[in-house]
Amino acid sequence: MDPGSVLCYPAGSLVLVAGLPGAGKTTLLDRLYGLRGDETAPVPAGDVRVIDSRQARNWWARFLRPLPARLRTPLIQATHVWRIGRAILAGHGVVAHTRGTWPHILHLFAWLARRRGHRLHLILLDVDPHTARAGQVARGRVVTAATFARHCRRWYPLVDRARGGDPMPPAAGVTVLDRDAADRLKTIHFI
């Protein structure tokens with residue numbers, strides 16, 4: 001097997017897959033864990049919980065569909081964060097989708113993981129803005145230009161630090177994948 005096709009983490013780790021909106025975080029989780037897209041709760045994969053924000057969106061859809069996105073999004077994101085926190089505290093390994101550009105959330109997750117004796121690891125999907133925008137269009141969920149610009153302003157310094165080898169607290173480790181490397185990834189293994 002291609003050495004770049006497997007990422008290994010200690011059992012119980014929290015692995016967050018981050019990237020710009022449309023970068024392919026959900027697509028990667030779907031491919032690696034066989035997600036169908038209609039799930040409303042975290043998906044068990046052995047002792048690992050796979051958590052995508054789409055699961056919270058699907059769960060809330062029946063209640064919040066008539067509300068505009070700007071009112072739905074905070075509830076969906078709060079539910080997503082709560083589900084990740086709950087899985088960490090239950091002692092599960094976690095692979096989860098995250099925006100990655102909210103440092104306070106990363107510090108919260110890292111703190112929760114440390115409380116259980118585990119660590120936070122980041123996988124950064126680094127794609128250019130045009131590719132990410134095309135990904136948004138393909139999935140039918142395009143964020144506003146202002147929101148996308150804000151994500152880009154926060155994202156690129158984060159990726160530059162990671163590519164430069166700078167430590168990135170609170171993460172114990174960071175892996176940066178471009179689109180080709182993400183496409184070659186076959187498994188995230190917990191040992």
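In this structure, Leu125 is not a member of the same hydrophobic cluster as Leu122, with clusters built from ILVMFWY side-chain heavy atoms closer than 4.5 Å. Both Val94 and Leu16 belong to a single network of hydrophobic side chains, linked directly or stepwise wherever heavy atoms of I, L, V, M, F, W or Y lie under 4.5 Å apart. Taking hydrophobic clusters as Ile, Leu, Val, Met, Phe, Trp and Tyr residues chained together by side-chain heavy-atom distances below 4.5 Å, Leu7 does not share a cluster with Val176. Linking ILVMFWY side-chain heavy atoms closer than 4.5 Å, directly or via other members, places Val174 and Leu120 in a single hydrophobic cluster. Both Met168 and Trp155 are part of a single hydrophobic cluster, where members link through side-chain heavy atoms under 4.5 Å apart.
Between the side chain of Arg133 and the backbone N or O of Phe148 there is no donor-acceptor pair closer than 3.5 Å. Checked by atom type and distance alone, the side chain of Thr147 never pairs as donor or acceptor with a backbone atom of Val143 at under 3.5 Å.
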In a table with atom names and distances, give each donor-acceptor pair under 3.5 Å that connects a side chain of residues 35-51 to protein atoms at least two apart or in another chain.
from, atom 1, to, atom 2, distance (Å)
Arg36, NE, Asp38, OD1, 2.9
Arg36, NH2, Asp38, OD1, 2.9
Glu39, OE1, Gly37, N, 2.9
Glu39, OE2, Arg36, N, 2.7
Asp47, OD1, His92, ND1, 3.1
Arg49, NH1, Gly46, O, 3.1

Please report, to 0.1 Å, the donor-acceptor pairs under 3.5 Å made by any side chain of residues 18-29, with sequence neighbours excluded.
from, atom 1, to, atom 2, distance (Å)
Lys25, NZ, Gly19, O, 3.0
Lys25, NZ, Leu20, O, 2.8
Thr26, OG1, Asp52, OD1, 3.3
Thr26, OG1, Asp52, OD2, 2.7

Throw together a table of side-chain donor-acceptor distances under 3.5 angstrom for residues 96-114, partners on residues two or more places apart or in other chains.
from, atom 1, to, atom 2, distance (Å)
Thr98, OG1, Gly100, N, 3.4

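To the nearest 0.5 angstrom, His118 atom NE2 is 10.5 Å from Phe190 atom CZ. Taken to the nearest 0.5 Å, the NZ atom of Lys186 stands 7.0 Å off from the OG atom of Ser5. The CG atom of Leu124 sits 10.5 Å away from atom CZ of Arg161, with the distance rounded to the nearest 0.5 Å.
When all heavy atoms are compared, the tightest approach of Ser53 to Ile76 is O-CG2, 4.0 Å. Pairing each heavy atom of Cys8 with each of Val6, the nearest pair is SG-CG1, 3.7 Å.
The other residues sharing a hydrophobic cluster with Val142 are Val137, where clustering joins ILVMFWY side chains under 4.5 Å apart.
Here Asp166 pairs with nothing under the salt bridge (Lys or Arg N to Asp or Glu O under 4.0 Å) rule; sequence neighbours left out. Every residue was checked against the side chain to side chain donor-acceptor pair (under 3.5 Å) condition with Trp59, not counting sequence neighbours, and none meets it. The side chain to side chain contact (heavy atoms under 4.5 Å, CB included) check on Ala181 picks up Leu177, Asp178, Arg184, with sequence neighbours excluded. Listed by chain and residue number, Arg54 satisfy the salt bridge (Lys or Arg N to Asp or Glu O under 4.0 Å) test with Asp30 (two or more places apart in sequence, or in another chain). The side chain to side chain donor-acceptor pair (under 3.5 Å) search around Arg154 returns none, not counting sequence neighbours. For Arg163, the salt bridge (Lys or Arg N to Asp or Glu O under 4.0 Å) test picks out Asp126, with sequence neighbours left out. In this view, His121 and Tyr9 satisfy the ring pair (Phe, Tyr, Trp, His ring centres under 6.0 Å) rule, not counting sequence neighbours.
Counting heavy atoms from C-beta outward, Thr131 and Asp128 have side chains that approach closer than 4.5 Å. Looking at heavy atoms from C-beta onward, Val81 lies out of side-chain contact with Ile84 at the 4.5 angstrom threshold. Using a 4.5 Å heavy-atom threshold, the side chains of Arg119 and Leu14 count as separate.
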> Are Leu64 and Leu67 close enough, and set up right, to give a side-chain contact (heavy atoms from CB on, under 4.5 Å), and what steps lead you there?
Replying inline: CA-CA 5 Å; Leu64 304 179; Leu67 295 176; 3.6 Å; yes

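The salt bridge (charged side-chain N to carboxylate O under 4.0 Å, His left out) pairs that include a residue from residues 69-85 number zero, where partners must be two or more places apart or lie in different chains.
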